[in-house]
Asks: 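Dumping the structure here so I can ask a few things about it.
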Amino acid sequence: MQFDDVILGRRSIRGYKPDPVPRALIEEIIGLAMRAPSSMNSQPWNFYVITGEPLNRIRAGNTERMVAGVPQSREFRIGQPFAGVHRERQVQVAKQLFSAMGIARDDKDKRQDWVLRGFRQFDAPVCIIVTYDRALDGSDDTPFDCGAVTNALVNAAWSRGLGAVINSQGIMQSPVVREHAGIADDQVIMKSIALGWPDHDFPANAVVSERKPVREATVFVGFED
């Protein structure tokens, strides 16, 4: 693919085929992603790539604890819930997804099932947990770098025919993730990425989220009109 094809064509994939993803292909994708910009070349990121039975145990533990009402335990800072225009955008993409999936506003069972898909890593065959070195906890540059490498990773995956979705539901119960992924104590769990071959018959995979226009997001200074 050309660069523009990847950027403009990529979308979040929430439905996957069960087919396994070769380890060599994942290694290739991560290698590409690690060329992302890194502040002073600190490279704070690490990746735990999980599949098979360990991933199934994470899905089960994550879901069971959330359904039982165990408080979430994400390790990276959460911040405040979205409000204003940011909340409006969150609601808009949810409406797009629910419409594609035929989930009515008052259908509590289907809405709950959709939420649980997130806790199961959308049933993807692979989950990548992005962590960073605990020695850098509190650094302003570290989350920026981890965001850059995560963005590069999902784009690299798309260029190889794979789909992905960046999410936090899969790491809501960090003790479960730590136990079954064997995450080292010197690492902070930041984000998770569901990865696999897209199921093109899954309706939500056709959803393309909207972006605000450049003129709304950008201020040009010193340019001649």
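Reckoned from all heavy atoms, side chains included, excluding hydrogens, waters and symmetry mates.
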Asks: Using the test side-chain hydrogen bond (donor to acceptor under 3.5 Å, both in side chains), find all partners of Asp19 that sit at least two apart in sequence or belong to another chain.
Replies: none
Asks: Under a 4.5 Å cut-off applied to non-hydrogen side-chain atoms, are Ser73 and Pro175 in contact?
Replies: yes
Asks: For atom CZ of Arg134, decide whether the heavy atoms of other residues, nucleotides or ligands shown that lie under 6.0 angstrom number more than 12.
Replies: yes
Asks: Who pairs with Val214 by side-chain contact (heavy atoms from CB on, under 4.5 Å), at least two apart in sequence or on another chain?
Replies: Thr218
Asks: Name the residue from Arg87, Gln92, Glu88, His86 that meets the side chain to side chain donor-acceptor pair (under 3.5 Å) definition with Gln90.
Replies: Arg87
Asks: Only distances under 3.5 Å count here; give the side-chain donor-acceptor pairs of residues 151-159 to other protein atoms, sequence neighbours excluded, each with its distance to 0.1 Å.
Replies:
residue: Asn155; atom: ND2; partner: Asn151; partner atom: O; Å: 3.2
residue: Ser159; atom: OG; partner: Ala156; partner atom: O; Å: 2.7

Asks: Could you pull out every donor-acceptor pair under 3.5 Å between side chains of residues 74-82 and any protein atom, sequence neighbours left out?
Replies:
residue: Glu75; atom: OE1; partner: Arg178; partner atom: NH2; Å: 3.1
residue: Glu75; atom: OE1; partner: Ile189; partner atom: N; Å: 2.9
residue: Glu75; atom: OE2; partner: Arg178; partner atom: NE; Å: 2.8

Asks: Closest approach of Tyr48 and Ala184, non-hydrogen atoms and distance?
Replies: OH-N, 3.1 Å
Asks: Flag yes if more than 12 heavy atoms outside Asp186 fall under 6.0 Å of its CG atom; otherwise flag no.
Replies: yes
Asks: Mind checking the CD1-SG spacing from Ile58 to Cys127? Nearest 0.5 Å is all I need.
Replies: 6.0 Å
Asks: Quick one: ring-ring contact (aromatic ring centres under 6.0 Å, His included) pairs with a partner in residues 187-225, sequence neighbours left out?
Replies: Phe220-Phe223
Asks: For Glu53, give me all partners under side-chain contact (heavy atoms from CB on, under 4.5 Å), at least two apart in sequence or on another chain.
Replies: Asn56, Arg57
Asks: Ignoring hydrogens and angles, tell me if any N or O in the side chain of Ser192 forms a donor-acceptor pair with the backbone of Asn167 under 3.5 Å.
Replies: yes
Asks: Determine whether the side chains of Lys191 and Ser168 contain a donor N or O and an acceptor N or O closer than 3.5 Å.
Replies: yes
Asks: State which residues pass salt bridge (Lys or Arg N to Asp or Glu O under 4.0 Å) with Glu179; sequence neighbours excluded, sorted by chain then number.
Replies: none
Asks: Name all pairs fulfilling the salt bridge (Lys or Arg N to Asp or Glu O under 4.0 Å) condition that reach into residues 141-166, sequence neighbours left out, sorted by first residue then second.
Replies: Glu28-Arg160
Asks: Over all heavy atoms of both residues, which pair between Gly15 and Ile13 is shortest? Give the atoms and the distance, please.
Replies: O-CG2, 3.3 Å
Asks: Is a donor on one side and an acceptor on the other found under 3.5 Å between the side chain of Asn62 and the backbone of Phe119?
Replies: yes
Asks: Going by the rule salt bridge (Lys or Arg N to Asp or Glu O under 4.0 Å), which residues pair with Arg117 if we only count those two or more places apart in sequence or in a different chain?
Replies: Asp123
Asks: Show every salt bridge (Lys or Arg N to Asp or Glu O under 4.0 Å) that has at least one partner inside residues 31-50, sequence neighbours left out.
Replies: none
Asks: Mind jotting down which residue pairs meet the salt bridge (Lys or Arg N to Asp or Glu O under 4.0 Å) criterion with at least one end in residues 210-220? Sequence neighbours excluded, please.
Replies: Arg89-Glu216
Asks: So which pairs with a foot in residues 93-116 pass salt bridge (Lys or Arg N to Asp or Glu O under 4.0 Å), sequence neighbours left out?
Replies: none
Asks: With a 4.5 Å cut-off on side-chain heavy-atom distances among I, L, V, M, F, W and Y, is there a chain of contacts connecting Val93 to Ile103?
Replies: no
Asks: When you group the ILVMFWY residues by side-chain heavy-atom contacts below 4.5 Å and let the links chain together, are Val165 and Val6 in the same group?
Replies: yes
Asks: Which distance, rounded to the nearest 0.5 Å, do you find between the OG1 of Thr131 and the CD1 of Ile183?
Replies: 6.5 Å
